[in-house]
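Here is the structure we will look at.
Predicted, not measured: the structure shown is a model, and the values here were computed from it. Labels below follow one simple rule: chain letters A, B, ... track the order of the sequence lines, proteins then strands, and each chain is numbered from 1.
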Amino acid sequence: MKFQAPKGTHDILPGEVERWQWLEERTRGVMALYGYREVRSPIFESTDLFVRSVGESTDIVRKELYTFQDRKGRSLTLRPEGTAPLVRAFLENAPLREDSQARLYYMGPMFRYERPQAGRYRQFWQIGAELLGSARPEADAEMIDLFRAVLHDVGLEEVTVLLNSLGDATCRPAYREAIRAYFKQHEGKLCGDCKERLATNPLRILDCKVPSCAPVIAGAPSVLDSLCPECAEHFEAVKRALTGLGIRYEIAPRLVRGLDYYTRTVFEIHAAGLGAQSAVGGGGRYDQLVKDFGGPDTPAIGFSIGMERLLLSIGADAAPAAPQADVVVIALKPEAGIEAQALARTLRGQQEAPERRSPLRVLTDVAGRSANSQMKWASKMGAKWAVFVPKGEDGYAVRDMAAGKDEQRQPSIEELRSWLLKRREPVESAR
RNA sequence: GUGGAUGUAGCUCAAUGGUAGAGCACUGGACUGUGGCUCCAGUGGUUGCGGGUUCGAUCCCCGUCAUCCACCCCA
């Protein structure tokens, strides 16, 4: 074959796409319940937007961006995450700032140049929500509650919420130096990657999974012990709020996220069945980002969920093939093809006024197959009825496919249509 | 960027150093206007791609591309 989908991308086909549509509908429903409104931002942005927000030393910026130049030489990048674009949109569009607490969400593809594996793709989909304008712990709690609500709505209950605080501009630099000094002392016992991190991003060492690093990490000072009083109080208040909402969590002092803009609260939610990539999503507070972008002082918090991972964790059982048609019009003779097509068109009722419309999904063969084959096909399409043309002397023959019996003939098209509509079952949404 | 496994019909898989087979699917038929079961027949593959070894490779070697898994990191 000449062409194939680019590495790390994939097509979502009928049979699978129904699960996506279902997830999207459920998510929109939950977002609406919490009063969040959707923002659809561009899929590419100025490269600087990501470099300056996500951070120059992060892996995402250093080696995972899809960056290109347009015809005027501007450097653009396919978005690797959704928060920075949304903050940009927030600052660019005054209507988003009307409410002192803006509740926004997005849903769409993100792009990162990485080696694909289970639950990881170069184009992947995220659902994200952002709450801008509140520094209060209630905002943190609402975010995590909303995250859980989305998972709950699609049936994912068995999850672990990991919670940590990274401090703020007051206490983090000191902690960063403390940890650098500590690991410097034990540099000899660290793995090669961690030796590099010592220079680039010492906090990341805390997250290392190499067994030989474990003892050194275990002895490292904890972020939580070095929080300034304000950050410590905020963290305590967030924990109290979560408890108040009945949300269980685990404190994860070594949870460090891969984007530089986070301050104070960070969290991840993990689920089973995802292979090595067990996080269905994560997020955190970013109190400085809006200001860094030149906007007003606007504390904010957000999260993102990986849609592939979410679908993976709630089970890959393919949805039963949804019926594709209610009615199949069968041409008994090859010459009846056009008559079949015309009847199908009328039965669909698409020409009717919208308020009178109750369309039947109607298919008819265009491959010129035998009546026998058309019947087999009608079964496969899940049709409830087969209607035969040409019309007989006493009307249209109708067969109930499930019962396997022929119904009374319908003298005219109008009677045939109302007969079918009367017996039509409501279309069930794919699950 | 690193490591391991894999790559044969639409799908799931088999086979042998001598120019590939099954099941399912698909098409037609056995069924006197009409399906689901059963049966019969048929379509369909330059064995991922490119080189090399060999009289000859799908099976051996090298490269490459892709997929899967793991590392890194994250969704």
> For A/W419, is the NZ or CZ atom of A/R417 found under 6.0 angstrom from the centre of its six-membered ring and inside 45 degrees of the ring axis?
Replying inline: no
>> Taking any heavy-atom pair under 4.0 Å as a contact, classify A/G392: base, sugar-phosphate, or nothing.
In response: nothing
> What does A/R79 touch in the nucleic acid at a heavy-atom separation under 4.0 angstrom: a base, only the sugar-phosphate, or nothing?
Replying inline: nothing
> Starting at the 5' end of RNA chain B, what dot-bracket string do you get if Watson-Crick and G-U pairs under 3.5 Å are bracketed, crossing pairs use [ ], other-strand pairs use | and unpaired bases use dots?
Replying inline: (((((((..((((.......)))).(((((.......))))).....(((((.......))))))))))))....
Between the protein and nucleotides 42-46 of chain B, which nitrogen or oxygen pairs are less than 3.5 angstrom apart?
none

>> Base contacts versus sugar-phosphate-only contacts with protein, heavy atoms under 4.0 Å: please encode nucleotides 2-12 of chain B as B, S and - from 5' to 3'.
In response: BB---------
>> A/R88: which residues meet the side-chain contact (heavy atoms from CB on, under 4.5 Å) condition with it, sequence neighbours left out?
In response: A/P42, A/E45, A/L49, A/E92
> When you check every protein heavy atom under 4.0 Å of nucleotides 23-28 of chain B, what one-letter string (B, S, -) results, 5' to 3'?
Replying inline: ---SSS
> When all nucleic acid strands are considered with a 4.0 Å heavy-atom cut-off, which category describes A/G8: base, sugar-phosphate, or nothing?
Replying inline: sugar-phosphate
>> At 4.0 Å (heavy atoms only), tell me whether A/A331 reaches a base, stays on the sugar-phosphate, or touches nothing.
In response: nothing
> Charged N to carboxylate O under 4.0 angstrom, A/R52 versus A/D48?
Replying inline: no
> Would you say the side chain of A/S379 and the base of B/rG35 hold a donor-acceptor pair, judged only by whether the two atoms sit under 3.5 Å apart?
Replying inline: yes
>> Listing request: all salt bridge (Lys or Arg N to Asp or Glu O under 4.0 Å) pairs with a residue in residues 257-278 of chain A, at least two apart in sequence or in separate chains.
In response: A/D168-A/R264, A/R257-A/E268
> Within the structure, does a side-chain N or O atom of A/R120 lie under 4.0 Å from either OP1 or OP2 of B/rC72?
Replying inline: no
